[in-house]
Every structure is written in C-alpha cells, then in structure tokens.
Amino acid sequence: MAMIERTEWYDLLRATNWTPKYVTEDELFPEEMSGHRGIPIEDWETYDEPYKVTYPEYVEIQREKDAGAYSVKAALARDKFLERADPGWISILQAHYGALALAEYGAIVGEARMARFSKAPGNRNMATFGMMDETRHAQLQLFFPHANCKLDRKWDWAHKALHTNEWAALAGRHFFEDIIHSRDAISMGIMLTFAFETGFTNMQFLGLAADAAEAGDHTFSSLISSIQTDESRHAQQGGPMVKLLVEKGMKADAQRLIDIAFWRSWKLFSVLTGPMMDYYTPMEHRSQSFKEFMQEWIVGQFERSILDMGLDKPWYWDQFLRDLDETHHGMHLGVWYWRPTVWWNPRAGVNPDEREWLEEKYPGWNDTFGKCWDVIIDNLVNDRVEQTLPETLPLVCNMSNIPIVGTPADGWNVKDYPLKYKDRLYHFGSEPDRWCFEQEPERYADHLSFVDRFLAGMMEPMDLSGALKYMSLAPGEIGEDAYGLAWADIYKEMAHKKAG
Amino acid sequence: MSESPEVLKPLKTWSHLAKNRRRPSEYEITSVRLHTSMNNPDKPWEMDTNLHMNQWYLKYRNHSPLRLEDWDTYRDPDAIVYRTYNIMQDGQETYVKSLLDQFNEREHDKAIDTEWVGKLAILYTPARYVFHALQMSSAYLAQIAPASTITNCSTFQGADSHRWLTHTAYRTYELSLTHPDAGFGQNERKHWEEDEAWQGFRELTEKAMIAWDWGESFCAINLVLKPAVEAAILHQLGEAGRHSSDTLLGMLCDNQCRDSERHMRWSKALVELALENSENKAVLTDWMDKWMPLGINAVEKYCAALPDSAEAISNAKAALEKSRENLGV
Ligand SMILES: [Fe+2]
Ligand SMILES: [Fe+2]
C-alpha cells in the first residue's frame with residue numbers, strides 16, 4: 001500500500017500544545033505533578049524522543065511480539081520443564097514474578113504521569129505507548145506464572161507478594177514508589193527511565209534470560225527478552241529530559257535524581273538479582289557472574305550514557321564498584337538465614353565446587369563469606385538445624401528497607417550509619433543510603449521500616465510468628481531451603497571420612 | 001510458627017479469585033486487583049504521609065465523594081486485555097490503511113470542492129487538539145483510578161485517542177499536498193484557539209482536564225466530553241462529509257466510533273457499579289448537572305459552523321442528552 005512516509009507527518013503528532021484560556025497553564029500543568037521547573041513550554045516542545053513509533057506500527061509490532069511469546073508458552077506447555085527444573089531455578093521464577101509483576105503494573109502510573117503532565121508533546125505520546133507496554137509486562141508476568149498455581153502455593157505470590165507487608169515486598173514498594181509514583185513527571189522520567197530502565201532492566205531481563213536459556217527454560221527466556229525490547233524503547237524517554245535540564249543550568253538537579261535512583265536500584269538488585277545469579281542458578285547454567293553482568297550492563301553502559309549527557313559519575317562510584325564484590329553475598333547469606341520470611345525457597349549454593357566458582361569470581365570469598373557458611377555447614381553437619389534459623393529480626397535500613405549487611409572478615413564489619421532527624425533516630429546501611437535520605441528528609445520522615453513496625457508493636461505476638469503473620473506468610477508459603485538441606489549431605493560425608 | 005500447623009494447599013488460581021466458582025478468564029487472571037496503593041487507606045505510597053503525592057491521592061482518590069466498598073469488583077464488559085487489544089486494533093488499522101490507500105488512489109482529495117476544503121481546515125484537522133486532550137485525560141484517569149480494571153480501560157482509551165490523533169495528523173498532511181494554500185498543517189492551533197466553532201469544546205476540555213477528583217474527572221471526560229466529541233465530531237462532521245462528497249471522512253469517523261462506543265460501554269458499566277451505593281446517585285447527578293451545560297454549549301457552537309447547522313445542532317444535542325439519559329444520572 002502506498003502510505004505516506006512517517007517522517008512527513010510525524011511532527012503533526014507532536015503539535016499538540018496550545019495556550020489555555022479558560023484555565024491557566026499552571027493549573028493545567030501543576031508543578032508538583034509536571035516538574036517543568038519553570039522551563040518555558042516552548043523549550044519543552046524541543047524534546048525529541050530518540051525512538052519514534054506511530055500507532056499503526058505499535059499495534060502491529062506488539063501483536064507480533066505477543067504472538068511469539070504466547071506461542072512459545074503454548075508449544076512448551078507439554079514439555080513440563082518445571083517438573084525437572086532445579087529447585088533453585090523455580091525459586092528464581094517465584095522471586096522474580098512476585099517482585100516484578102505488580103511492580104510492572106505500577107509503572108503504568110509513572111508512564112501515565114508523563115502522558116498527562118509532561119509539557120513535552122513527544123514525551124506524552126511515547127509515554128502513552130509506555131503505559132501500554134507496562135500493561136503488557138504486568139499481564140504477561142501474571143498469565144505465565146498463573147499456570148503454575150496448581151503446583152505449589154508459592155506461585156500465588158506472583159500476584160500476592162506486593163500486596164503484602166512481607167519485608168522484601170515492602171522494600172520493593174518503597175523503592176518503586178520513591179522513584180516512580182510519588183514524583184513529578186520529569187523527575188520520575190529521569191529516575192525510572194534513565195537511571196533504572198536503561199541499565200538495570202537489562203540486567204534482570206537480558207542477563208537472566210541468558211541464564212534461563214542455559215537452564216533450558218525457553219519459555220521464561222523468550223518471555224523476558226521480549227519484555228526487554230519494550231523496555232529498551234521506552235527507557236529512552238528520560239535522555240532528552242536530562243539534556244534539557246543540563247542545557248538550562250539544572251545539571252545538579254538531574255545529577256541528584258540519578259544518583260538517588262541509581263543507588264537505590266543497585267541496593268534492590270543486590271538483594272534480588274545478585275543471589276539469583278550467583279547462588280540460585282545451578283552453576284553449570286551460569287552464563288556470567290552477577291558482578292560480570294553488572295560490569296557489562298551497568299558499569300560500562302551506564303557510565304557511558306551519563307558522561308554522554310554531560311553529567312558526572314555518581315559521587316559514590318568507587319564505593320559502588322567495591323560493593324560489587326561484596327554486598328550481594330551478604331544479602332544472600334541474610335536471605336538464606338531468614339528464609340522463613342521470603343516467599344521462595346532460597347538455594348544455598350555453597351557446595352564445594354560452587355565455592356570454588358565463587359572464589360574464582362570473587363577472590364577472597366572463602367575467607368570472608370565462606371567463613372560464615374562454614375559455621376552454618378558445621379551446624380548442619382552436626383544436626384543443629386535450629387541454629388541455622390532466625391529467632392529475631394535483622395537490623396533494617398530506613399532507605400533501602402533491606403537488612404544492613406557487611407563483609408565478615410575479621411568479625412563482621414557491619415556498620416550502621418545513623419541519623420537523627422527531628423528527634424527520631426534513623427538507621428542506614430551505607431553512607432549513600434543516608435545521603436539519599438538527607439536529600440529530602442520530609443519525603444521519607446514518618447515511614448516505618450519493617451523493624452520499626454515490629455518495635456512499634458504492630459506485629460502480634462511480638463516474635464517471629466507474629467512477624468510472619470504480619471507478612472501474610474503461612475506454612476506452604478514460607479520459604480525453606482530449596483533442597484530441604486540435602487545439599488549439606490556432601491559435607492556430612494566429608495566430615496565422616498575425615499573422622500573415619 | 002508452630003501455632004498453625006496446617007499447610008496451605010495449592011489452588012487452581014490466584015487466592016483472591018479462588019472463591020469464585022467459575023474458572024477464571026485470561027481477563028480476570030491478568031487484570032484484577034493490581035493496584036497496591038489502595039491497601040492502606042491512609043497512605044497510598046510508602047513515603048511520608050504528608051508528601052504532596054500522598055496527599056493528592058488521598059484527596060482526589062481515597063476521599064472522593066464517589067464511594068464504593070470495593071472498586072476492584074469492576075469489570076470491563078469487553079474484557080479487553082493487552083494481547084486482544086493489539087489483535088483487534090491491528091485489524092482496524094489494516095482496514096484504515098486500506099481506506100486511505102484506496103481513496104488516495106482514486107485521487108479523492110482532488111475531487112472535494114473548495115468550500116468543503118475550507119470547512120475541513122477549520123472543523124476537522126484542528127480536532128487533533130481535542131483528541132490529544134482525551135489522550136492526556138485518559139492517562140490521568142489511568143493513574144488516579146481506584147481499581148486496576150478501571151485503569152486498564154483508561155489506558156486503552158488513551159491509546160485509542162492517540163489513534164484518532166494519528167488518523168487526523170495523517171489526513172492533515174495528505175490534504176496539504178493537494179490543497180497547499182488551505183492552511184493544513186499550519187493553522188490548526190490558531191483555529192482551535194480562536195475560531196468560534198471550537199471555543200465551547202476548548203472551554204469544556206480545559207476545565208475538565210483540571211477536574212482532579214477521579215470521579216469528577218471520569219464524569220467530565222467520559223460522560224460529557226467524550227459523548228460530545230462523538231455526537232458533534234464523529235457523527236455530525238462525518239455526516240456533513242458524506243453530504244459534501246467526502247466519503248472518506250465519514251468512513252474514518254465511523255471507524256473511530258467503534259472505539260468510542262466501546263468507551264461508552266465501559267463507562268456505563270462503571271456508572272452502574274457506582275450506583276450500587278445509592279449515595280452515589282446524587283454525587284454523579286450533581287457532577288452531570290455541572291458539566292452537561294458545557295457539553296451542550298460545545299456541540300452547539302461546533303455544529304453551528306457545519307453546513308445544515310440547524311439539523312446538526314439538534315441531532316448532536318439530542319444525542320448528548322440521550323447519552324445522559326442512558327446513564328441514568
Ligand atoms: Fe516493564
Ligand atoms: Fe518499563
């Protein structure tokens with residue numbers, strides 16, 4: 001068909017700003033929702049979305065993508081992959097869906113914020129497609145796990161997790177609602193699309209897709225790599241915003257938003273994706289270590305994209321690079337130990353050959369984190385399982401809302417970074433976490449972390465059982481060791497041989 | 001942990017749907033109860049309670065005078081999910097492309113008379129502003145709606161509105177090729193801002209866009225502005241096109257009416273659900289009383305500029321009033 005080229009008429013799609021007469025421009029675009037920062041609307045009209053798509057192109061491409069993803073699922077349904085999958089892999093799927101399906105749905109609110117309140121017409125159009133994309137991601141990531149509900153109650157958490165006060169769900173909501181839902185259109189555009197989606201979704205959706213393909217989970221692999229093709233399109237909305245802010249002498253503003261969002265994304269990934277990649281994925285299916293993925297997708301790519309924008313590396317960059325060797329190992333240890341408090345079954349991942357792999361990827365692992373595992377293994381070998389289970393709660397960071405961890409070298413270097421603000425003492429897991437709070441204390445002030453809630457008596461009874469109830473975790477849902485501790489048998493044999 | 005030894009058994013579906021007798025549909029599995037910000041009635045977002053955005057959602061959503069115990073019981077009568085939306089609309093776009101192509105091949109734009117070309121420049125191509133305003137307003141409803149099933153209808157409605165904008169932009173450019181002196185692609189903003197025909201729509205649009213209460217926004221946009229657009233533009237302008245040998249415009253408008261009728265189906269279903277709480281009747285009626293005069297004014301002013309204006313005005317007004325009657329508020 002002889003249709004006229006898009007480039008000829010595309011600009012008319014963006015000629016949609018007008019001067020209001022019956023209300024004021026400020027009423028139409030309230031600053032708290034819009035975040036135009038006083039930059040004249042004519043300047044926002046220069047916003048040029050790097051990725052352009054029109055409605056007919058969108059519905060055609062997306063229909064085809066869905067046909068692909070759903071047909072892979074249908075074709076492999078009889079394959080019963082889950083029945084032969086490693087329990088650690090199933091834990092990855094359950095953790096992933098629970099943490100992300102409804103978070104994807106929440107991202108609609110962010111896209112809708114831009115579609116309504118951005119003063120840039122091109123941004124509003126792309127965000128309209130962004131709303132559609134996030135609808136897709138939520139629906140796919142609900143539809144796929146739903147088929148597994150009949151296998152195990154933990155699959156229910158794909159829908160349920162973010163509705164609960166389970167601590168990781170709480171941390172996820174605090175993060176997403178900080179960078180998306182509670183921000184103006186431009187701030188969230190920069191924080192969500194530029195700081196988070198540009199790099200971190202690549203990690204989760206392409207990095208994990210690589211592992212999934214290795215593990216033989218082609219349904220999941222094709223699903224999440226298909227999702228990432230949408231992400232890489234709508235992630236480009238933030239770039240032109242940053243560019244405009246820098247041009248208008250608001251570099252510090254953009255830099256601060258990115259520094260907050262990047263650090264917070266990193267902390268979430270250290271507890272979610274780090275353990276998945278370095279411990280839950282069976283060793284033979286790991287395409288790269290978490291650190292290697294981070295270096296490829298985040299360090300290399302993100303660093304380049306911020307420097308290209310005329311911004312600086314975040315002030316904590318050196319610490320971030322150092323933490324790549326450490327944080328997620330501590331998170332993993334914590335999640336495994338507090339396993340009754342999560343909706344998936346953590347896989348320890350510390351068999352002798354796995355420890356060798358960890359030592360190779362993270363030199364010094366055996367002398368630090370390995371020593372903590374030695375204690376756990378010793379307890380398991382000597383049938384003191386109860387000593388590998390928690391009775392209390394960990395200290396939780398008031399920013400990341402995840403446990404405060406450190407590197408256990410010569411004794412734990414776990415350090416609290418406290419801050420007193422208006423008579424309340426807050427605890428943070430790192431200097432950058434505290435820094436995030438200090439940027440806008442009133443934004444976070446009355447929020448209670450999981451442990452704050454426990455101490456405030458919001459969980460009855462005031463012990464682990466009360467905490468589990470508060471988290472809506474019942475037997476059948478609460479996490480256990482992925483192998484029912486059978487992995488420790490090899491150490492029992494070794495101890496036996498040694499003794500014999 | 002030892003208190004409740006009973007281990008939860010796997011279910012056939014999500015626990016929140018398990019009590020239903022019927023097997024859940026793809027629509028229910030993927031669309032129901034997805035907003036988490038309604039769980040804590042006092043604090044939508046996990047941030048400080050006094051943060052502007054928490055206050056905005058408390059004021060305009062949680063504390064709206066439009067109340068229902070559980071908005072999550074809302075269901076889209078068309079049960080559209082993302083997957084089926086694209087299948088449906090890709091089909092519609094294939095149809096529209098073939099329309100555009102065939103009319104182009106027959107040199108349609110050369111055959112329309114000068115007088116109608118002038119009308120198109122004033123009454124048709126500036127519609128992209130009102131279509132885009134619908135796109136923006138649907139995005140507002142999507143972010144402020146109290147149930148995911150309402151958000152989804154709004155999201156699809158926003159995409160449909162962008163669809164109408166896209167058809168209009170395409171036609172604007174195409175018309176400019178055959179009629180370079182008629183101002184196509186040049187004067188739309190001027191007409192939208194200054195031409196008497198648009199001022200009723202402009203006033204309604206601008207005011208409706210800042211009706212922040214989610215219920216009032218739904219009323220002003222979906223129950224007044226959209227039916228007014230359908231009555232005056234999609235029907236009366238389309239009809240006028242047919243009488244001016246512009247069959248293409250009539251067919252394009254008809255196709256957009258398919259979307260518009262679907263929007264009214266979901267809107268009517270939401271009104272019906274709201275009326276399950278009898279107190280909502282007065283709330284909705286008050287809002288309709290407030291916004292309808294602006295809607296009537298919009299269609300009157302617009303249709304007055306159409307050929308055969310007297311008939312167009314009375315038809316459009318009747319359609320708008322009938323649409324309110326059907327809603328029962
Ligand atoms: Fe997404
Ligand atoms: Fe996204």
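These figures come from a predicted structure and were not determined experimentally. Naming: A, B, ... by sequence-line order, numbering from 1 per chain. Values reported hereafter were calculated over all heavy atoms of this structure, with side chains retained and with hydrogens, waters and symmetry mates removed.
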**OP:** Heavy-atom distances under 4.5 Å only: say whether B/Val32 touches chain A with side chain, backbone, both or neither.
**Re:** backbone
Subject >> Which atoms of A/Leu151 approach chain B - backbone, side chain, both or neither, heavy atom under 4.5 Å >> reply: backbone
**OP:** Looking only at non-hydrogen atoms, find the nearest pair between A/Leu12 and B/Ala169 and report the distance.
**Re:** CD1-O, 3.5 Å
Subject >> Nearest heavy atoms of A/Arg153 and B/Ser15, plus distance in Å >> reply: NH2-CB, 4.1 Å
**OP:** Could you give me the CA-CA distance, side-chain angles and deciding distance for A/His181 and B/Tyr57, then say whether ring-ring contact (aromatic ring centres under 6.0 Å, His included) is met?
**Re:** CA-CA 10 Å; A/His181 309 80; B/Tyr57 276 77; 8.7 Å; no
Subject >> Spacing of B/Thr30 atom OG1 and A/His146 atom NE2 [to the nearest 0.5 Å] >> reply: 10.0 Å
Subject >> Heavy-atom pair of closest approach, residues A/Arg173 and B/Glu46 >> reply: NH2-OE2, 2.9 Å
Original post:
By a 4.5 Å heavy-atom criterion (distance strictly below it), what part of B/Arg189 contacts chain A: side chain, backbone, both, or neither?
Top reply: side chain
**OP:** Check whether the side chains of A/Glu27 and B/Trp212 place a donor and an acceptor atom closer than 3.5 Å, and report yes or no.
**Re:** no
Subject >> Toward chain A, the part of B/Met53 with a non-hydrogen atom under 4.5 Å >> reply: side chain
Subject >> Centroid separation A/Tyr105 to B/His35 less than 6.0 Å >> reply: yes
Original post:
Would B/Tyr82 and A/Gln62 count as having a side-chain donor-acceptor pair, cut-off 3.5 Å?
Top reply: yes
**OP:** Name the region of B/Pro24, side chain, backbone, both or neither, that has any atom closer than 4.5 Å to a heavy atom of chain A.
**Re:** side chain
Original post:
Between B/Leu100 and chain A, which part of the residue has a heavy atom less than 4.5 Å away: side chain, backbone, both or neither?
Top reply: side chain
Original post:
With distance as the sole criterion, is a donor-acceptor pair present between the side chains of B/Tyr173 and A/Glu8 under 3.5 Å?
Top reply: yes
Subject >> Per-residue contact mode, B/Lys9 against chain A (heavy atom under 4.5 angstrom) >> reply: backbone
Subject >> Residue B/Leu177 versus chain A: region with a heavy atom under 4.5 Å >> reply: side chain
Subject >> Structural part of B/Glu193 lying under 4.5 Å from a heavy atom of chain A >> reply: side chain
**OP:** Side chain from CB out, backbone as N, CA, C, O: work out which of these in B/Phe131 comes under 4.5 Å of a heavy atom of chain A, or both, or neither.
**Re:** neither
**OP:** Identify which part of B/Ser154 has an atom lying under 4.5 Å from any heavy atom of chain A, answering side chain, backbone, both or neither.
**Re:** neither
Original post:
With a 6.0 Å cut-off on ring centres, are A/Tyr55 and B/His167 close enough?
Top reply: no
Original post:
Side chains of B/Asn39 and A/His163: is there a donor and an acceptor less than 3.5 Å apart?
Top reply: yes
Original post:
Under a 4.5 Å heavy-atom cut-off, does chain A meet the side chain of B/Leu8, its backbone, both or neither?
Top reply: both
Subject >> Toward chain A, the part of B/Lys12 with a non-hydrogen atom under 4.5 Å >> reply: backbone
**OP:** Inspect the contact between A/Arg63 and B/Asp90 and indicate whether a charged nitrogen and a carboxylate oxygen are less than 4.0 angstrom apart.
**Re:** yes
Subject >> Heavy-atom pair of closest approach, residues A/Cys149 and B/Pro10 >> reply: O-CB, 3.5 Å
Subject >> Region of B/Gln135 that comes under 4.5 Å of a non-hydrogen atom in chain A >> reply: side chain
Subject >> Contact class of B/Gln199 relative to chain A, heavy atoms under 4.5 angstrom >> reply: both
Subject >> Note: A/Glu57-B/Lys97 ion pair, threshold 4.0 Å (strictly below) >> reply: no
**OP:** Determine, using ring centers only, whether B/Phe184 and A/Trp9 are less than 6.0 Å apart.
**Re:** no
**OP:** On the 0 to 90° scale, with breaks at 30° and 60°, tag the B/His16-A/His159 ring pair as parallel, tilted or perpendicular.
**Re:** parallel
